[in-house]
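From a predicted model like this one, the values you see are computed outputs, not experimental measurements. Just so it is clear: chains get the letters A, B, ... in the order the sequence lines come, proteins before strands, and each one is counted from 1.
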Number of protein chains: 2
Amino acid sequence: MASLGELERAVMDLLWAGQEAATANTLRDLLAQSTRPQDGSAGHEGKDLAVTTVLTVLSRLERKGLVERERGTRPHRYQAVSSRADHTAELMHEVLGSAPDREAVLARFIGSVTDNEAETLRKLLGRS
Amino acid sequence: MASLGELERAVMDLLWAGQEAATANTLRDLLAQSTRPQDGSAGHEGKDLAVTTVLTVLSRLERKGLVERERGTRPHRYQAVSSRADHTAELMHEVLGSAPDREAVLARFIGSVTDNEAETLRKLLGRS
DNA sequence: GAGCAACTTCTACGTCACGTAGAAGTATGA
DNA sequence: TCATACTTCTACGTGACGTAGAAGTTGCTC
């Protein structure tokens, strides 16, 4: 699985954000509005895209297994297959698995984790 | 930073494996031999590449900051900027940082870690 | 039940990353 | 100084991705 393009990522973000399945048009509108207010993270600034563009992206995401569509309803409804957290965790495992010396990688990884994250990890790992 | 192509990855693997800085020709030869004996992992089977091909790849890797070259010596010598473990750990952090809900991601991540890895992590996190 | 409006599918083009390498330039030992 | 080895420059094919028009399908409405 490769890294998503910018638009693909933006669409996934929207799908992950909304709990409801969305239609292509809804997404198109959301993309148009999103001046990315709160987190000012760079990226697309309220792109005004053609619906077909959004559809194409959705199809590609579907082909990659990231998105699922309800074909029954007429305006097809799209939604992310897995949550953003799941997807991201999976990616992390993929990256981790790409190196033969996993332990070494984990050591480096833990080495540069914030205190809060370290605490979170300790809790998650529990004892045993 | 994006994911490397197949050849780029193969070259990085060689650079990470050897502790010495290598020349383009050395790498070319190694790539030609490498039938990937032990770990049979798919990929290139002893590709017989032109040296210029290797050089191009090395230049691109250099541009990406993954490889460093000694320009002093005549047959330039190349080596990885950081160890594979460092690089991989960095990538993991990058992935982790790509999601807003890091804690959730970590939870999922830990959830699907092997027992051994969990043990390693506990040790690494130590007490405190 | 015919037509319009909305939606989807098909096809396509430009760009960029990457695999691949030839041609030309440069240094270095004999 | 000349051949040899190495590097740089330039380039082409392919595939992913952003982008969207044209054509097809469906469903509501009069």
Below 4.0 angstrom, N of the basic side chain to O of the carboxylate: do [X] and [Y] qualify?
X       : Y       : result
E90(A)  : R84(A)  : no
E6(B)   : R9(B)   : no
K123(B) : E117(B) : no
K64(A)  : E8(A)   : yes

Using only heavy-atom distances, determine whether the side chains of T26(A) and T23(A) contain a donor-acceptor pair under 3.5 Å.
yes

Within the structure shown, what part of the strands sits under 4.0 Å from R77(A) by heavy-atom distance: base, sugar-phosphate, or nothing?
nothing

In terms of side-chain heavy atoms of [X], which of [options] is nearest?
X      : options                   : result
T52(A) : dT9(C), dC6(D), dT8(D)    : dT9(C)
E8(A)  : dT19(D), dT7(D), dC17(D)  : dC17(D)
T53(A) : dC17(D), dT19(D), dA21(C) : dT19(D)
A24(A) : dT8(C), dT19(D), dC6(D)   : dT8(C)
Y78(B) : dA21(C), dT7(D), dT19(D)  : dT7(D)
L55(B) : dA20(D), dT8(D), dG19(C)  : dT8(D)

Please state whether the phosphate of dT9(C), meaning OP1 or OP2, lies under 4.0 angstrom from any side-chain nitrogen or oxygen of R69(A).
yes

In whole Å, what is the span from the [atom1] atom of [X] to the [atom2] atom of [N]?
X      : N       : atom1 : atom2 : value
R28(A) : dG18(D) : CZ    : P     : 17 Å
R63(A) : dA16(D) : CZ    : P     : 7 Å
R71(A) : dT8(C)  : CZ    : P     : 10 Å
L58(B) : dT7(D)  : CG    : C1'   : 11 Å
N25(B) : dA5(D)  : CG    : P     : 9 Å
L7(B)  : dT14(D) : CG    : P     : 17 Å
D29(B) : dC6(D)  : CG    : P     : 10 Å
R60(A) : dG18(D) : CZ    : P     : 7 Å

T56(A) (side chain) and dA20(D) (base): donor-acceptor pair under 3.5 Å
yes

